[in-house]
Amino acid sequence: MRGDRITELGLFRIEPSGEITEYSQLFQPGVRLSPAIVALTGITDEMLADQPAFTDCIDAWKPLVQGAVIIGHNVRFDLQFLFAECFRAGQDMEQVFGKTIVLDTVQLARRVFGQGGNALQKLSARLGIAVTGAHRALADCQTTWGVLTHLLAALRQTREPAALTLLDVIQAQGGAVALVSENWRGRATTLALSTAALRGELIRLIYQDGRSSSLPSERVVRPLSIRRGGQTGGGVGQVLLAHCHLRNETRAFRLDRIVSFAVVSESASFEPDVSQLPPSD
C-alpha cells in the first residue's frame with residue numbers, strides 16, 4: 001500500500017450447488033500506470049480512461065463476498081489493496097465482507113507440496129491446470145480455484161475415510177488468516193493522505209494539538225507530503241506537511257494526533273473560531 005491502486009477486480013463465486021457467478025471490472029485509478037504493470041497485465045491507461053472508480057462499484061460486488069469463504073493465492077497481498085480502496089471510499093472492509101473465513105492457497109501449497117515453486121503460474125503449470133489470461137484478475141481467480149481443487153484432493157487422501165472439513169483445511173494452512181491486519185489501518189491513513197497530496201485535494205482535519213487540556217480543533221489543509229519527524233512515544237513518527245488555511249502557512253501535523261479527516265470540495269465553506277486557535281502545533 002505505497003500509493004498503488006486497484007485497476008481490476010475479479011471474483012469467482014461457487015455455491016454448494018455448483019452454481020458459478022463471475023464478476024470482472026476494470027477501474028479508473030486516478031493515476032497513470034507504470035510500464036511494469038502494463039507489461040505484466042496488458043492493461044493500459046487507455047483501457048481505463050472511461051472506467052468507473054472503485055468507490056462507485058462496491059455495491060455491485062459486495063453481495064458476492066458476503067457469506068462466502070474468501071480464497072486467494074497469497075491472499076493477504078490482495079486483501080491489503082482491497083482494504084486500502086475501501087478505506088479511501090469511507091467503507092469498513094470488515095462490514096463490507098461480513099463475517100468470513102479466509103483461505104490462502106499458497107500457504108496450503110507450501111504444506112502439501114513443500115517450499116519453492118508455489119507461485120500461482122508455476123504451481124498451475126506443475127498441476128497441469130490450463131491458464132488463460134495470466135495476471136488478469138478473473139483469470140487468476142479461475143486458476144486459483146483449479147489449484148484449490150488439487151490441494152483439497154491431496155488433503156483428502158490423508159484423511160480418508162473421514163470427510164475433509166473446513167476446519168481441517170484451516171488447520172492444514174497453519175491456522176486462521178485474518179481478513180484485516182491491524183497495522184494496515186495506520187498505513188492506510190498514510191496512503192490516503194499521500195494520495196490527497198498527489199491530487200492536490202483539500203482535506204478537513206480533526207486534530208489534537210500537544211496540550212493535554214485542549215479539545216481537538218478543526219482545520220482545512222492542502223496536503224503537500226508525508227515525512228519522518230516528531231517524537232511519538234520515544235520513537236520517530238510521521239508528520240503531514242500541509243498548507244493550513246487557518247494559519248495561512250505550511251504547518252507540520254503529527255499523524256498520531258490526527259483524530260479523523262475527510263476530503264472536502266474546493267468550494268467548501270470554512271469559518272474557524274480563531275479564538276480557539278492554539279499557539280502552536
Legend entry - Single-linkage hydrophobic cluster, 4.5 Å side-chain cutoff, Ile37 and Leu48 together: no
Legend entry - For the student: nearest non-hydrogen atoms of Ala252 and Leu241, plus distance: CB-CD2, 3.8 Å
Legend entry - Residue that, paired with Val38, satisfies side-chain contact (heavy atoms from CB on, under 4.5 Å) out of Thr44, Asp45, Ile43: Thr44
Inset, instruction - Output, in order, the C-alpha distance, side-chain angles, deciding distance and verdict of side chain to side chain contact (heavy atoms under 4.5 Å, CB included) for Cys244 and Tyr207. - result: CA-CA 12 Å; Cys244 177; Tyr207 188 74; over 6 Å; no
Inset, instruction - For Phe113, enumerate each residue passing the side-chain contact (heavy atoms from CB on, under 4.5 Å) test, keeping only those at least two apart in sequence or located in another chain. - result: Ala109, Asn118, Leu123, Arg126, Leu127, Leu151
Inset, instruction - Please tell me if the side chains of Leu103 and Val169 come closer than 4.5 Å, counting only heavy atoms from C-beta onward. - result: yes
Inset, instruction - Can you run down the ring pair (Phe, Tyr, Trp, His ring centres under 6.0 Å) pairs that involve residues 35-59, sequence neighbours left out, and say none if there aren't any? - result: Phe27-Phe54, Phe54-Trp61
Legend entry - Student check: side-chain heavy atoms of Glu85 and Met93 closer than 4.5 Å: no
Inset, instruction - Write down the atom of Arg222, the atom of Gly200, and the distance for their closest heavy-atom approach. - result: NH1-O, 2.5 Å
Inset, instruction - Enter the distance from Ser24:OG to Leu11:CG here, rounded to the nearest 0.5 Å. - result: 9.0 Å
Legend entry - Val259-Val239 co-clustered via ILVMFWY side chain contacts under 4.5 Å: no
Inset, instruction - Mind checking the CG-CD1 spacing from Leu255 to Ile226? Nearest 0.5 Å is all I need. - result: 5.0 Å
Inset, instruction - Please test Thr165 against Asp168 for side chain to side chain contact (heavy atoms under 4.5 Å, CB included), starting from the C-alpha separation and ending with a verdict. - result: CA-CA 5 Å; Thr165 68; Asp168 293 329; 3.1 Å; yes
Inset, instruction - State which residue, out of Thr105, Thr143, Asp140, fulfils the side-chain hydrogen bond (donor to acceptor under 3.5 Å, both in side chains) condition with His73. - result: Thr105
Inset, instruction - Using side-chain contact (heavy atoms from CB on, under 4.5 Å) as the criterion, point out the one residue from Leu152, Ile170, Leu148 that pairs with Leu108. - result: Leu148
Inset, instruction - Please check if Leu166 and Val147 belong to a single hydrophobic cluster, counting links between Ile, Leu, Val, Met, Phe, Trp and Tyr side chain heavy atoms closer than 4.5 Å. - result: yes
Legend entry - From CA spacing to verdict: side chain to side chain contact (heavy atoms under 4.5 Å, CB included), Leu246, Val220: CA-CA 7 Å; Leu246 186 61; Val220 167; over 6 Å; no
Inset, instruction - Rounded to the nearest 0.5 Å, what's the gap from CG on Asn74 to CG on Asp104? Could you check? - result: 6.0 Å
Inset, instruction - Indicate, with yes or no, if Leu155 and Val69 share a hydrophobic cluster defined by side-chain heavy-atom contacts under 4.5 Å among Ile, Leu, Val, Met, Phe, Trp and Tyr. - result: yes
Legend entry - Which atom of Gln28 lies closest to which atom of Ala49, heavy atoms considered: NE2-CA, 3.6 Å
Legend entry - Contact check, side chains of Leu82 and Leu9, non-hydrogen atoms, under 4.5 Å: yes
Legend entry - Non-hydrogen atoms of Ala178 and Arg76 that approach each other most closely: O-NH1, 3.0 Å
Inset, instruction - Spell out, as yes or no, whether a donor-acceptor pair under 3.5 Å connects the side chain of Gln121 to the backbone of Val131. - result: no
Inset, instruction - Kindly indicate whether the side chain of Thr7, heavy atoms from C-beta on, has any atom under 4.5 Å from the side chain of Leu26. - result: no
Legend entry - Nearest non-hydrogen partners of Glu249 and His243, listed with the distance: N-CE1, 3.5 Å
Inset, instruction - Kindly indicate whether the side chain of Arg251, heavy atoms from C-beta on, has any atom under 4.5 Å from the side chain of Arg219. - result: no
Inset, instruction - Determine the interplanar angle of the Phe261 and Phe87 rings, folded into 0 to 90°, and report it as parallel if under 30°, tilted if 30 to 60°, perpendicular if over 60°. - result: tilted
Legend entry - No-hydrogen, no-angle side-chain donor-acceptor test under 3.5 Å, Gln238 and Thr190: yes
Legend entry - Check: Arg199 and Val263 side chains under 4.5 Å, non-hydrogen atoms: no
Inset, instruction - Rounded to the nearest 0.5 Å, what's the gap from CD1 on Ile206 to CG on Leu215? Could you check? - result: 11.5 Å
Legend entry - CD1 on Ile20 to CZ on Phe12, rounded to 0.5 Å: 4.0 Å
Inset, instruction - Search all heavy atoms of Cys57 against all heavy atoms of Pro52 and return the closest pair with its distance. - result: SG-CG, 3.5 Å
Inset, instruction - Report yes if some heavy atom in the side chain of Leu33 is under 4.5 Å from a heavy atom in the side chain of Thr41; otherwise report no. - result: no
Inset, instruction - Check whether Val75 and Phe77 end up in the same hydrophobic cluster, where Ile, Leu, Val, Met, Phe, Trp and Tyr are linked by side-chain heavy atoms less than 4.5 Å apart. - result: yes
Legend entry - Validation row: Trp184, Leu79 side chains within 4.5 angstrom (heavy atoms): yes
Inset, instruction - Using side-chain hydrogen bond (donor to acceptor under 3.5 Å, both in side chains) as the criterion, list what pairs up with Thr250, not counting sequence neighbours. - result: none
Legend entry - Gap between atom OG of Ser260 and atom CD of Glu218 - 0.5 Å precision: 9.0 Å
